Amino acid sequence: MPELPEVETVRRGLRPAMEGGVIERVEQRRRDLRFPLPARFSARLAGRRVVAITRRAKYLLAHLDDATVLIMHLGMSGRFAVSHECAAGAGARSTARREAHEHIVFHMSGGARIGYSDPRRFGVMDLAAGDRLASHRLLAGLGPEPLAREFSPAYLNRALRDRRTSMKAVLLDQRVVAGLGNIYVCEALFRARVSPHREAASLAGRRRPGRALCRLVDAVRGVLHDAIEAGGASLRDHARTDGTLGYFQHSFAVYDREAGACPRFGCHGTVARETQSGRSTYWCPNCQR
DNA sequence: CTGTGTTCCTGTTCGC
DNA sequence: TGCGAACAGGAACACA
């Protein structure tokens, strides 16, 4: 599920349930997800007020009142579900269905129950000191946010100039730009009419970015913006914390549309699928160059 | 520096 | 209906 738009959608769902509230209790049903959870994980979170929930690339960050930060990554199959428990009292019982792969549950002071499920367990949770957040091993190497000013044609021009690898590979490289995954790389390249096989350096100008690079920056921003507005994409899982579905998957131009007609007006190409470094790439060989 | 393949893990889908 | 293979939104790592 989770590339930048999906993670942003999750962030927006978690905010009302967590921000300003106190984590009263944490149920931890495993010692590890992708990596071991930090020592005394539940104990360190209990009693802490959540000051803010922010996002960096595909990471969710819960800033706590003791200046620590809970870093969370959804991996491939991570999901948060927010529900509300009845006030304590006779017969009070959570109405939330317990999922098979629910590994962690946060119980908030306001009665919100936030369950984290992750069947494949590629997700990550870690705690970091707030003043050393930027140098945390998970965040240190990340490139600019694609929706920030810093991700400009001039920046991308510099980043691509010496790269001999494919455009697909550079855009997936979180050090170049942070937050894109397989879907949105395919979609952005399609919008920019750039082939995923195009050598990165060949798209860069000697001094200034050319037109294709400007189109690409716009395409990346545009597709992320549109996807966020649609509440992300829901392929197999629910992307939103309230269980409702995002609907951007209906707007995919090429992703998962192998053999479909190229949606570009006037192009009569057919969407192709190829494996590039072990992952499916979808593109129109007719209009993407 | 490069691309490629493997690994982590489980669930779903597809072809026979 | 059953069964095995292929594949899945991520990312680190080993290797040639």
Side-chain angles (χ1 to χ4, degrees), chain A residues 1-11 29-37 55-60 71-80 99-104 116-126 136-143 146 159-189 196-202 204 223-224 227-228 230-240 245-252 254-259 273-282:
Chain A
M1 154 185 67
E3 299 182 35
L4 188 152
E6 289 74 38
V7 177
E8 177 60 24
T9 299
V10 171
R11 185 184 81 88
R29 306 215 172 94
R30 293 190 62 91
R31 316 184 58 129
D32 55 62
L33 295 172
R34 178 169 188 184
F35 304 116
L37 290 160
R55 178 188 58 73
R56 171 76 174 105
K58 299 173 197 171
Y59 291 92
L60 287 165
I71 303 174
M72 299 173 280
H73 193 291
L74 303 173
M76 290 277 256
S77 59
R79 218 182 337 177
F80 279 103
E99 290 190 45
H101 297 282
E102 191 174 70
H103 307 306
I104 293 168
Y116 176 71
S117 314
D118 187 356
R120 295 178 73 177
R121 299 205 304 276
F122 291 165
V124 177
M125 288 201 194
D126 200 6
H136 188 278
R137 69 181 178 92
L138 295 170
L139 307 178
L142 294 175
L160 302 196
R161 211 156 32 192
D162 302 319
R163 300 282 300 240
R164 322 243 69 193
T165 188
S166 67
M167 282 308 302
K168 174 80 187 289
V170 269
L171 292 182
L172 274 178
D173 187 340
Q174 303 296 300
R175 295 167 301 186
V176 173
V177 58
L180 299 179
N182 203 37
I183 292 176
Y184 295 103
V185 167
C186 291
E187 293 296 310
L189 286 169
H197 300 287
R198 180 81 179 264
E199 184 184 290
S202 78
V223 75
L224 295 178
I228 289 169
S234 310
L235 262 48
R236 298 161 199 9
D237 302 306
H238 297 249
R240 291 166 154 170
L245 297 173
Y247 50 88
F248 191 71
Q249 66 277 15
H250 303 302
S251 304
F252 292 163
V254 289
Y255 184 83
D256 207 19
R257 302 237 188 277
E258 182 181 16
R273 180 170 84 123
E274 270 171 66
T275 299
Q276 232 176 338
S277 51
R279 320 196 57 189
S280 288
T281 291
Y282 297 87

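What you are looking at is a predicted structure, and each value in this text was computed from that prediction instead of being measured. Below, read A as the first sequence line, B as the second, and so on, with proteins coming before strands; counting in each chain starts at 1.
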Using side-chain contact (heavy atoms from CB on, under 4.5 Å), reason through A:Glu8 and A:Leu224 one step at a time and then give a plain yes or no. CA-CA 10 Å; A:Glu8 177 60 24; A:Leu224 295 178; over 6 Å; no
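One interatomic measurement links the two molecules: CZ of A:Arg175 to P of C:dC13, which rounds to 11 Å at whole-angstrom precision. Atom CG of A:Asp118 and atom P of C:dG10 are 13 Å apart (whole Å). Per the geometry, CZ belonging to A:Arg79 stands 12 Å off C1' belonging to B:dT10, to the nearest Å. Rounded to whole angstrom, the span from the CG atom of A:Asp173 across to the C1' atom of C:dA12 amounts to 12 Å. When rounded to the nearest whole Å, the span between OH of A:Tyr59 and C1' of C:dG10 equals 9 Å. Here the C1' atom of nucleotide B:dC9 and the CG atom of A:Leu74 are 16 Å apart, to the nearest Å. Atom P of nucleotide C:dA11 and atom CD1 of A:Ile183 are separated by 13 Å, given to the nearest angstrom. Rounded to whole Å, the distance from CE on A:Met125 to P on C:dA11 is 16 Å.
Nucleic acid contact class of A:Asp162 (heavy atoms, under 4.0 Å, all strands): sugar-phosphate only. A:Gly181 comes within 4.0 angstrom of sugar-phosphate atoms only, judged by non-hydrogen atoms across all strands, and of no base. Counting non-hydrogen atoms under 4.0 angstrom, A:Arg273 reaches the backbone sugars and phosphates but no base.
Using a distance-only test at 3.5 Å, with no hydrogens or angles considered, a donor-acceptor pair links the side chain of A:Gln174 to the main chain of A:Leu180. Judged purely by atom type and a 3.5 angstrom limit, A:Gln276 has no side-chain atom pairing as donor or acceptor with the backbone of A:Ala169. Listed for the A:Arg240 side chain is no donor-acceptor partner under 3.5 Å among the backbone atoms of A:Thr9. Judged by distance alone, the side chain of A:Arg273 and the main-chain N or O of A:Ser280 form no donor-acceptor pair under 3.5 Å.
Using atom P as the reference point in both B:dT4 and C:dC7, the two lie 16 Å apart (nearest Å). Comparing the same atom, P, in C:dG9 and in B:dC14 gives a spacing of 15 Å after rounding to whole Å. Across the P atoms, B:dC9 and C:dC3 are found 25 Å apart, a figure rounded to whole Å. Here, B:dC1 and C:dG10 have their C1' atoms 23 Å apart, quoted to the whole Å.
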Dot-bracket notation for DNA chain C is requested: 5' to 3', Watson-Crick or G-U wobble pairs only, both distances under 3.5 Å, with ( ), [ ], | and . as defined. .|||||||.|||||||
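Listed pair A:Arg279 / C:dG10 meets the phosphate criterion, a side-chain N or O lying under 4.0 Å from OP1 or OP2. Within the structure, every side-chain polar atom (N or O) of A:Ser277 is placed at least 4.0 Å from both OP1 and OP2 of B:dG5. Phosphate proximity of C:dG10 to A:Gln174: absent, as no side-chain N or O sits under 4.0 Å from OP1 or OP2. Remark: A:Arg163 is in phosphate contact with B:dT2, judged by side-chain N or O atoms under 4.0 Å from OP1 or OP2. Here A:Lys58 does not reach the OP1 or OP2 of C:dG9: none of its side-chain N or O atoms lies under 4.0 Å away.
Annotation: A:Arg137, atom CZ; neighbour count of heavy atoms from other residues, nucleotides and ligands within 6.0 Å is above 12. Applying the 6.0 Å contact sphere to CZ of A:Arg30 captures more than 12 heavy atoms from other residues, nucleotides or ligands.
Between the side-chain ring of A:Phe122 and the base of C:dG10, a stacking contact exists by the 5.5 Å and 30° definition.
Nearest-nucleotide assignment on DNA chain B puts the 5′-proximal partner with A:Arg164, out of A:Arg121 and A:Arg164.
Applying the ring-ring contact (aromatic ring centres under 6.0 Å, His included) rule to A:His73 yields the partners A:Tyr59; only residues at least two apart in sequence or on another chain are considered.
Taking the six-membered ring where tryptophan is involved, the planes of A:Phe80 and A:Tyr116 are tilted, since the angle between them lies from 30° to 60°.
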Pairs under 3.5 Å (N/O, protein and nucleotides 11-16 of chain B):
from: B:dG11; atom 1: OP1; to: A:His101; atom 2: NE2; distance (Å): 2.5

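No salt bridge links A:Glu3 with A:Lys58; every basic N to acidic carboxylate O contact stays at or beyond 4.0 Å.
When all heavy atoms of A:Leu4 and A:Ala57 are compared, the closest pair comes out as CG-O, 4.3 Å.
Among the nucleotides C:dG9, C:dA11, B:dC9, the one closest to the side chain of A:Tyr255 is C:dG9.
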